[in-house]
2 protein chains.
Amino acid sequence: MTPTKAPGRGEDTRSALVATGRRVFAHSGYDGASVRRITREAGTNLGAITYHFGSKRGLYEAVLTHVLTPLVDRVGEAAARAGRPIERLGCVVEVFFDYLAANPDLPRLMLQEVAAGRPAPDAVVAIIQRNAMYITGILKEGWADGSLRPGHPLLSALSVVSQPVYMTLMAPLIRQVGGVDLGDPGTRAEAAAHVMAFVRSGLAFASPEAE
Amino acid sequence: MTPTKAPGRGEDTRSALVATGRRVFAHSGYDGASVRRITREAGTNLGAITYHFGSKRGLYEAVLTHVLTPLVDRVGEAAARAGRPIERLGCVVEVFFDYLAANPDLPRLMLQEVAAGRPAPDAVVAIIQRNAMYITGILKEGWADGSLRPGHPLLSALSVVSQPVYMTLMAPLIRQVGGVDLGDPGTRAEAAAHVMAFVRSGLAFASPEAE
DNA sequence: GAATAATTCATACGTTCGTATGAATACCGG
DNA sequence: CCGGTATTCATACGAACGTATGAATTATTC
């Protein structure tokens with residue numbers, strides 16, 4: 001009953017549907033989210049999804065690209081910064097933690113898409129590919145200047161990304177099981193610091209002034 | 001009412017429903033999996049789920065515990081083995097990779113349970129808790145004998161677990177994006193070795209004969 | 001072998017689903 | 001003001017959903 005945004009006309013309706021769809025899809029899964037609920041909570045008419053996105057699935061793919069793009073953009077910025085490779089990898093970890101904390105829906109949306117078994121839409125694949133290239137770019141730079149332990153590019157990138165994603169995803173269960181609340185900013189900062197240290201030790205050669 | 005010790009033919013139906021439910025739930029999600037499809041593919045009658053598990057949700061929780069328990073049991077065995085803590089951590093990583101490769105449904109099931117937002121069933125929480133205790137037990141042992149870098153117990157355990165789970169979960173997308181097929185045993189062994197080395201460097205102090 | 005319990009089965013009920021349809025309403029260049 | 005396009009809206013439709021119900025069948029026990 002609480003419209004995410006008052007739909008004035010056209011573009012407003014579209015963005016309200018994307019915002020509401022993102023929340024409802026993440027919470028209930030693709031099948032669990034009904035067109036009726038999304039349109040009602042977005043303050044639009046039942047037919048709005050069909051009209052603007054063709055179908056429920058059309059809205060879903062629009063939601064995916066809308067939520068993935070800003071994250072990968074920020075990873076790209078972190079990767080392009082000045083500094084030693086290992087420090088830029090730390091920035092990537094930080095970007096992931098921050099963005100996922102602000103958008104906890106994202107991992108759920110992504111993994112539900114993957115779990116569905118069907119091949120991901122081309123747009124989504126392209127975005128993920130871009131993200132992988134940013135990270136492997138940093139890694140290769142570190143291998144070239146001898147500051148990072150050599151290893152498999154994609155697997156190393158996955159090692160970096162998996163921890164922020166997994167911790168964000170499992171946050172409710174982690175609180176239930178271990179009493180650690182990653183929703184709390186202080187605790188999340190602690191987790192981010194832990195992962196950054198872990199990645200540093202795992203990928204870099206020991207450095208004299210290692211923290 | 002659900003009999004706790006059903007004799008005869010009933011047990012076959014129960015296990016057929018659990019096996020089929022596990023596959024279908026993992027593939028289509030909770031809402032996407034229909035009672036009609038599960039019962040049909042299990043070769044049982046439409047009413048069998050209601051009769052044996054009370055409801056669709058009852059079957060779902062039975063599936064979760066049935067698939068989680070053997071994994072945690074194996075982690076417990078690995079944790080109880082002789083050897084240095086860092087090596088037993090490597091065994092845990094290996095157990096995860098092997099078990100998840102044989103049961104790729106598991107992470108999807110878990111994820112959907114977490115993403116649903118509702119608190120996890122007590123039985124599931126207890127199993128996860130047991131798993132966390134096995135791993136933190138190894139860690140604390142390593143901290144006591146000085147072979148492991150001190151750190152947060154639960155966060156360190158999450159760092160270990162997150163990578164096998166994430167890689168298994170994202171395997172289809174990883175193949176689509178990077179052309180790396182974790183379904184192939186050789187590639188999976190390479191990934192396991194990578195993660196074991198990563199964990200070793202990330203958690204242990206550098207050792208003279210480090211492999 | 002009859003009585004009793006356990007299980008399977010066919011079917012029905014009410015609900016909710018995604019989408020289609022066509023009328024109503026708002027916007028806009030002329 | 002007007003004609004046309006874009007959007008919103010109310011409603012309808014057929015399909016699929018989870019579960020309930022009671023009869024039919026199979027197993028167990030005396």
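Just so it is clear: chains get the letters A, B, ... in the order the sequence lines come, proteins before strands, and each one is counted from 1. Fair warning: this is a prediction, and the values are worked out from it, not measured in the lab.
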- Query: Using a cut-off of less than 4.0 Å, is there contact between a side-chain N or O of His52(A) and OP1 or OP2 of dT8(D)?
  - Reply: yes
- Would you check, one step at a time, whether the test side-chain contact (heavy atoms from CB on, under 4.5 Å) holds for Met167(B) with Leu100(B)? CA-CA 10 Å; Met167(B) 289 183 187; Leu100(B) 295 183; over 6 Å; no
- Query: What heavy-atom pair brings Ser28(B) and Asp31(A) nearest, and what distance separates the two atoms?
  - Reply: O-OD2, 3.7 Å
- Message: Tell me whether the NZ or CZ atom of Arg74(B) lies within the 45° cone about the ring axis of Phe96(B) and under 6.0 Å from its centre.
- Response: no
- Note on the structure: Here the residues of residues 20-28 of chain B within 4.0 Å heavy-atom distance, strictly under, of DNA chain D are none
- Query: Is any side-chain nitrogen or oxygen of Thr13(B) closer than 4.0 Å to OP1 or OP2 of dT8(C)?
  - Reply: yes
- Between dA23(C) (P) and Tyr51(A) (OH): distance, integer Å: 17 Å
- Task: Mark yes or no: Arg14(B) above the aromatic ring of Phe53(B), with NZ or CZ under 6.0 Å from the six-membered ring centre and no more than 45 degrees from the axis.
- Result: yes
- side-chain contact (heavy atoms from CB on, under 4.5 Å) evaluation trace for Leu71(A) with Leu106(A): CA-CA 10 Å; Leu71(A) 168 63; Leu106(A) 203 168; 4.0 Å; yes
- Item | Nearest-0.5 Å distance, CD1 of residue Ile38(A) to CZ of residue Arg23(A) | 9.5 Å
- Between dC9(D) atom C1' and Leu17(A) atom CG, what is the distance in whole Å? 14 Å
- Distance, rounded to the nearest Å, where Asn45(A) contributes CG and dT8(D) contributes C1': 6 Å
Report, one pair per line, the protein and nucleotides 15-20 of chain C atoms (nitrogen or oxygen only) whose separation is under 3.5 Å.
unit_1	atom_1	unit_2	atom_2	d
dC17(C)	OP1	Ser34(A)	OG	3.3
dG18(C)	OP1	Ala33(A)	O	3.2
dG18(C)	OP1	Val35(A)	N	3.4
dG18(C)	OP1	Lys56(A)	NZ	2.6
dG18(C)	OP2	Val35(A)	N	2.7
dG18(C)	N7	Arg36(A)	NH1	2.5
dG18(C)	O6	Arg36(A)	NH2	2.6
dT19(C)	OP2	Lys56(A)	N	3.0

- Roughly how many Å is it from CZ in Arg14(B) to P in dA6(C), rounded to a whole number? 14 Å
- Mark yes or no: Lys56(A) above the aromatic ring of Phe25(A), with NZ or CZ under 6.0 Å from the six-membered ring centre and no more than 45 degrees from the axis. no
- Message: If we count only N and O atoms by modelled type, under 3.5 Å, do the side chains of Gln163(B) and Ser159(A) hold a donor and an acceptor together?
- Response: yes
